[in-house]
Amino acid sequence: MADRYPFSKIESKWQKHWADNKTFKAIDNLKDKPKYYILDMFPYPSGSGLHVGHPEGYTATDIVARYKRMRGFNVLHPMGWDAFGLPAEQYAIETGIAPSIKTVENIATFKRQIQSLGFSYDWDREINTTDEAYYKWTQWIFLQLYNKGLAYQSEVAVNWCPALGTVLANEEVINGKSERGGHPVVRKPMRQWMLKITAYADRLLEDLEGLDWSESIKDMQRNWIGKSEGAEVNFRIADQDLSLDVFTTRPDTLFGATYMVLAPEHPYLEKITTPDYVAQVNAYRVLAERKSDLDRTDLAKGKTGVFTGAYAINPVNDTLIPIWVSDYVLMSYGTGAIMAVPAHDTRDYEFATAFDLPIQEVVSGGDITKEAFTQIEDGLMINSSTKDGQFSINGMKPSKAIQVTIDWLEESGKGKRAINYKLRDWLFSRQRYWGEPIPVLHDGTSTIPLSDSDLPLTLPVLDRIKPSGTGESPLANAKEWLQVVDPSSGKVYTRETNTMPQWAGSCWYYLRFIDPDNHERAWDLEKEKYWMPVDLYIGGAEHAVLHLLYARFWHKVLYDLGYVSTKEPFQKLVNQGMILGMDGEKMSKSRGNVINPDEVVKQYGADTMRLYEMFMGPLERSKPWNTSGIEGVYRFLNRLWRHFVKDDGGLIALSDEEPDAETMTMMHASIKKVQSDLDNLAFNTAISQLMVFSNHLRELSEVPRQALETLVMLLNPFAPHISEELWALMGNETTLAYHVWPEYDEKMLVRDTITMAVQVNGKVRAQLEVEVDAEKEHVLAMAHEHVSVKQHMEGKTIVKEIVVPNRIVNIVVR
RNA sequence: GCCAGGGUGGCGGAAUUGGUAGACGCAGUGGACUCAAAAUCCACCGGUGGCAACACUGUGGGGGUUCGACUCCCCCCCCUGGUACCA
């Protein structure tokens, strides 16, 4: 590669220039410019360093940030580190190296790699979730939640591995064995912290409406929240002074309820099971409990269950229906009990068929001898009236019958309208060392939150991090840290050994970026008002549900407390697609298809890397890496350099004449195209336009200064180093970063003549060069003259002639 | 199963409100330069037929609407992501 342009010299020069001059420092509360807050999902600094997927999103946000600055915005574009997490802890257990030390190393690597790409972050705002000065405020937010009654403790089963003496995350358990060592894992109930996210379910759902997010991500969140409306119906137990509530979305099918099912964990089972059935019910419960230890997917294979010997009374027709127990009913949803309507529910149908239970049709329109009829739209109610005829929904559409039945249930005191959510409360504690300590004390009977002045509660330095053996986190080994003696009363308290999950730090980092050095409070309210909401948030789709839902939840709590001014944190969200390996597969070490960004930068430079990642295809789509594809954009930059820079390093002579008409049109068209593509994050087509424009300029014998300046300005967001260098070579003394974006003139886009296609029966037969807005008659006359048009019309009659001005002519003949 | 997104040359991908399918780039072929190669530059480049002009055909498959469909409607197939007995 003899003539390649000196990218490494140029890139290090400008990176140093930007850093020395703090070119990208964001100014708080600036009034004379509109603000624009553009955020990346900050990375977990793993030991393996950056992979090419990271810079895809970062390049996209950087391009927008640089573009917005040129458009006159005050841009906040920060970066930080989500550095708590399991890998560092595992590494510590294996090697004895403290997570804090390893984390610092990893961050240094990530930072060096990110900086080598020339991103325009305001590094003065860098934050790190493992920093005491940061997690002090994570703990403070936890206390806000606690004081608001949104944090509580509960016994929840965890994956306990006796051999390792530790609790495992779900992803560390494979087929009931520990991922490391293959030891047996059992479910063990432990005291856990929960956050009451369910209290915000409705608002998390409703407020999605106003957000500029892709419909698919909104849908994923909606499905996760899983709101369903229906009724709670009360069933009395025959011969006992007990009753059971069930939740159903189909109260219209109440007359078709032929049995009832309880979840194996349902507390009523002990009360209602008749003596004859106790043995089999207990056996089933044990079986079900063990089953949940196995892979859950096995459960779907077929329905199992046993009869309890008890009967319930169907409140609409007083029919006695048997009560069964089966694990297809989940204790964690609804009331843990269902009314089964086999004729109109696929699962109930399967169960009834397996155990020979009666199937009663109450909605006509299907064939219940074959399968459950679940269509709610096309069908009419049948067999649905009380014995005395006082209440009947026969002949109604199910949708109507649902409402009528609920009204009747409420009037007769047999049930009520009800709403259920799939969303569960958030299991917030982890039995880990490397996380934010939960700032509470225990005295054996109650839990006492720390006061704000006791924060941060820092992690104790341990000689060696090892499992406690009890299932508690390694913090249980830190005896001195664990015990707190009240100096006045002498009373002894114990610290909480659970820590927060990795989600905690990332739930509010976007707020800390606003005011990262504030020691008095988490952030300043004025600055928050100025910068929020985040205008554009870009990151991977893997966080589409949990991170975004948790962060939105915290944000709403903070909103209720008056600490933030917007209901939602992230106004516009875009998920970048995955970059696949050359083989079209997900990049992974085991496949050996990982591309190292350091290598790419070394060989081609940061500008080429940035340009290529954006040129590959639409941001949101997954696309495979192609090493020879990168050569293409590299050649583009090389050609640009070689054509305009002489061997001695000076710029070629530019013409100060007005560009010719064609160049002028193309220049304005390019501004328009690049600008609208940037507004739509369509980087690939914008780059294509830059190539077209630059190819044109290379064909000119004399290059007009104005045209080259425009090209360099348009290129700047994408390839800022080479752009700044060319800009400086053109004699400009100030940075291009804040230079005003060129304006296009719509008038310049209008050309005198235009090429129109002429079709005969929909097939293109000729091209006409006509004046813009030429008369229809004139165009048709020209078309008729054309040799090949004539040929295809010969001997036929004209049926119809269509002229779309400036576009197309179609002559229909027969 | 359900929800969402997608299927266009050898490859990545372009195509305003339906209006010349394949922009831009890669790979490939031919040529220039070179002792030679690399790099660079020029030309060609969906398929079939033809020396060529040109003709036919072509956007996952089938049908429809229209003067005209990658684009709109119906049915089907395949791929990716999410979710999974949520009553």
Side-chain angles (χ1 to χ4, degrees), chain A residues 1-4 214-224 226-228 230 246-250 253 261 296-297 299-303 326-330 332-341 344-348 350-351 420-424 541-542 544-545 575 577-578 580 582 584 586 611-612 615-618 620-636 638-639 642 676 682 684-692 695 698 755-768 788 791 799-804 806-813:
Chain A
M1 277 177 238
D3 295 310
R4 67 180 183 184
S214 75
E215 209 46 43
S216 72
I217 299 291
K218 286 191 193 177
D219 259 343
M220 278 159 80
Q221 296 229 336
R222 288 188 194 110
N223 292 339
W224 196 265
K227 180 177 184 173
S228 48
V246 303
F247 174 74
T248 176
T249 54
R250 295 293 304 274
T253 62
V261 188
R296 291 255 172 98
T297 48
L299 291 175
K301 294 275 149 62
K303 297 275 184 289
S326 172
D327 60 13
Y328 86 89
V329 173
L330 308 175
S332 50
Y333 184 79
T335 62
I338 62 156
M339 65 176 211
V341 185
H344 305 291
D345 180 283
T346 318
R347 297 150 301 179
D348 297 344
E350 207 182 304
F351 190 80
N420 253 295
Y421 299 90
K422 276 198 244 180
L423 184 68
R424 308 288 147 81
E542 65 273 21
V545 179
N575 290 117
M578 211 178 327
L580 307 169
M582 296 250 263
K586 201 169 162 171
L611 217 45
Y612 177 62
F615 189 61
M616 288 167 77
E620 297 184 60
R621 281 240 274 277
S622 291
K623 52 241 158 193
W625 186 270
N626 183 342
T627 301
S628 54
I630 200 167
E631 295 277 353
V633 290
Y634 183 55
R635 277 178 212 152
F636 163 62
N638 269 299
R639 276 197 292 261
R642 268 200 319 269
S676 78
N684 55 330
T685 49
I687 293 167
S688 152
Q689 183 63 39
L690 292 171
M691 289 174 170
V692 172
N695 288 345
R698 287 192 305 117
T755 313
M756 278 180 84
V758 181
Q759 299 181 332
V760 179
N761 284 349
K763 287 196 171 121
V764 180
R765 299 300 178 185
Q767 310 279 340
L768 295 180
S788 72
Q791 220 168 53
V799 178
K800 195 173 184 180
E801 291 180 310
I802 292 125
V803 180
V804 183
N806 302 329
R807 280 192 198 278
I808 206 161
V809 177
N810 193 5
I811 303 172
V812 186
V813 295

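These numbers come from the heavy atoms of this one structure, side chains and all, not from hydrogens, waters or symmetry mates. Here the structure is a predicted model, which means the values were calculated and not measured. Order of the sequence lines sets the chain letters (A, B, ...), proteins ahead of strands, with each chain counted from 1.
Panel note: side chain A:Asn638, backbone A:Tyr634; a donor-acceptor pair is recorded below 3.5 Å. The closest donor-acceptor contact from the side chain of A:Tyr612 to the backbone of A:Asn626 lies under 3.5 Å. At distances below 3.5 Å, at least one donor-acceptor pair connects side-chain atoms of A:Ser788 with backbone N or O atoms of A:Arg765. With hydrogens and angles disregarded, no donor-acceptor distance shorter than 3.5 Å links the side chain of A:Asn684 to the backbone of A:Met616.
Rounded to whole angstrom, the span from the CG atom of A:Asn575 across to the P atom of B:rG82 amounts to 12 Å. The distance from atom OH of A:Tyr333 to atom C1' of B:rU83 is 15 Å, rounded to the nearest whole Å. Nucleotide B:rA23 holds its P atom 18 Å from the CD1 atom of A:Ile687, rounded to whole Å. When the C1' atom of B:rA23 is taken as reference, atom CG of A:Asn695 falls 12 Å away, rounded to whole Å. Atom P of nucleotide B:rA69 and atom CD1 of A:Ile802 are separated by 12 Å, given to the nearest angstrom. The distance between atom CD of A:Glu542 and atom C1' of B:rU80, rounded to the nearest whole Å, is 15 Å. Atom CZ in A:Arg698 sits roughly 6 Å away from atom P in B:rC41 (whole-Å rounding). When the P atom of B:rA84 is taken as reference, atom NZ of A:Lys303 falls 16 Å away, rounded to whole Å.
Look at B:rG9: its glycosidic torsion is within 90° of 0, and that puts it in the syn range.
Distances shown here put every side-chain N or O of A:Lys800 at or beyond 4.0 Å from the OP1 or OP2 atom of B:rG68. Contact between the side-chain N/O atoms of A:Ser788 and the OP1/OP2 oxygens of B:rC54 is not found at any separation under 4.0 Å. Contact between the side-chain N/O atoms of A:Arg635 and the OP1/OP2 oxygens of B:rC26 is found at a separation under 4.0 Å.
Residue contacts for A:Asn761: at a heavy-atom cut-off of 4.0 Å it reaches no nucleic acid atom on any strand shown. Residue A:Val692 is in sugar-phosphate contact alone, with no base atom involved, counting any heavy-atom pair closer than 4.0 Å across all strands shown. Within the nucleic acid shown, A:Arg765 comes within 4.0 Å of sugar-phosphate atoms alone, with no base atom in reach, counting heavy atoms only. Among the protein residues, A:Val261 comes within range of no part of the nucleic acid, since none of its heavy atoms lies under 4.0 Å from any strand. Within the 4.0 angstrom heavy-atom criterion, only backbone atoms of the sugar-phosphate kind lie near A:Ser228; the bases stay farther away.
A gap of 47 Å separates the P atoms of B:rU66 and B:rA27, to the nearest Å. Distance check on atom P: B:rG25 versus B:rU80 gives 32 Å, rounded to whole Å. Look at the P atom in both B:rC79 and B:rG30: the space between them is 39 Å, to the nearest Å. A gap of 14 Å separates the C1' atoms of B:rC72 and B:rG19, to the nearest Å. With both ends at atom C1', the span from B:rG9 to B:rG46 equals 5 Å, rounded to whole Å. If you take atom C1' in B:rG49 and the same atom in B:rC35, they sit 44 Å apart, rounded to whole Å. Taking the P atoms as reference points, B:rG63 lies 48 Å from B:rU40, given to the whole Å. One C1' atom belongs to B:rG13, the other to B:rC76, and the distance between them is 27 Å to the nearest Å.
One finds the CG atom of A:Asn420 at 4.5 Å from the CZ atom of A:Phe247 (value rounded to the nearest 0.5 Å). Here the CG atom belonging to A:Leu423 is positioned 12.5 Å from the NZ atom belonging to A:Lys227, to the nearest 0.5 angstrom. Taking CD1 of A:Ile802 as the reference point, atom CD of A:Gln759 lies at 9.0 Å (rounded to 0.5 Å). Considering CD1 of A:Ile808 and CE of A:Met756, their distance stands at 8.0 Å, rounded to 0.5 Å. One distance of note links CG of A:Asn695 with CE of A:Met691; it measures 8.0 Å at 0.5 Å rounding.
A:Asp348 approaches A:Ala340 most closely through the heavy-atom pair OD2-CA, 3.3 Å.
Across the interface with RNA chain B, nearest-nucleotide mapping of A:Ile808 and A:Asp348 shows A:Ile808 to be the residue nearer the 5′ end. Where A:Lys586 and A:Met691 meet RNA chain B, the nucleotide closest to each residue was compared, and A:Met691 sits on the side nearer the 5' end.
Taken together, the paired segments of RNA chain B that extend over three or more consecutive Watson-Crick or G-U pairs, each closer than 3.5 Å at both contacts, are B:1-7 with B:77-83, B:10-12 with B:24-26, B:28-32 with B:40-44, B:46-49 with B:54-57, B:60-64 with B:72-76.
A cation-pi geometry, defined here as NZ or CZ lying under 6.0 Å from the six-membered ring centre and within 45° of its normal, holds between A:Lys303 and A:Tyr328.
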Protein heavy-atom contacts under 4.0 Å, written 5' to 3' over nucleotides 1-15 of chain B as B (base), S (sugar-phosphate only) or - (none), form the string --SS-------BSS-
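Side-chain proximity of A:Asp327 to the nucleotides B:rU40, B:rC85, B:rG19 is greatest for B:rC85.
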